[in-house]
Amino acid sequence: MNAMTSPSRIQPFPATPPVHDAYNLTKGGGHAQILLDGKIYQLRITRAGKLILTK
């Protein structure tokens, strides 16, 4: 396969997207790291219960 025929990593949105509990992602803490295309993003749960995702 070459670049023109390889499938895209991004898939069309499913009818029902998956649901992930933020507290499970952070293993009960307030911080998790998410890897996307070799880059690490930080997911943080604030004291106010909001989510912040940063690069």
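The basis for the numbers below is simple: all heavy atoms, side chains too, and nothing from hydrogens, waters or symmetry mates.
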Original post:
Can you list every pair that meets salt bridge (charged side-chain N to carboxylate O under 4.0 Å, His left out) and has a residue in residues 38-53, with sequence neighbours left out?
Top reply: none

**OP:** Could you list the residues that satisfy salt bridge (Lys or Arg N to Asp or Glu O under 4.0 Å) with Asp37, not counting sequence neighbours?
**Re:** Arg9

Subject >> Test side-chain contact (heavy atoms from CB on, under 4.5 Å) applied to Thr16 - qualifying residues, sequence neighbours left out >> reply: none

Subject >> Partner set under side-chain contact (heavy atoms from CB on, under 4.5 Å) for Leu35, not counting sequence neighbours >> reply: Ile40

Original post:
Taking the hydrophobic residues Ile, Leu, Val, Met, Phe, Trp and Tyr, and joining any pair whose side-chain heavy atoms are under 4.5 Å apart, which ones share a cluster with Ile34?
Top reply: Tyr23, Leu25, Leu36, Tyr41, Leu43, Ile45, Leu51, Leu53

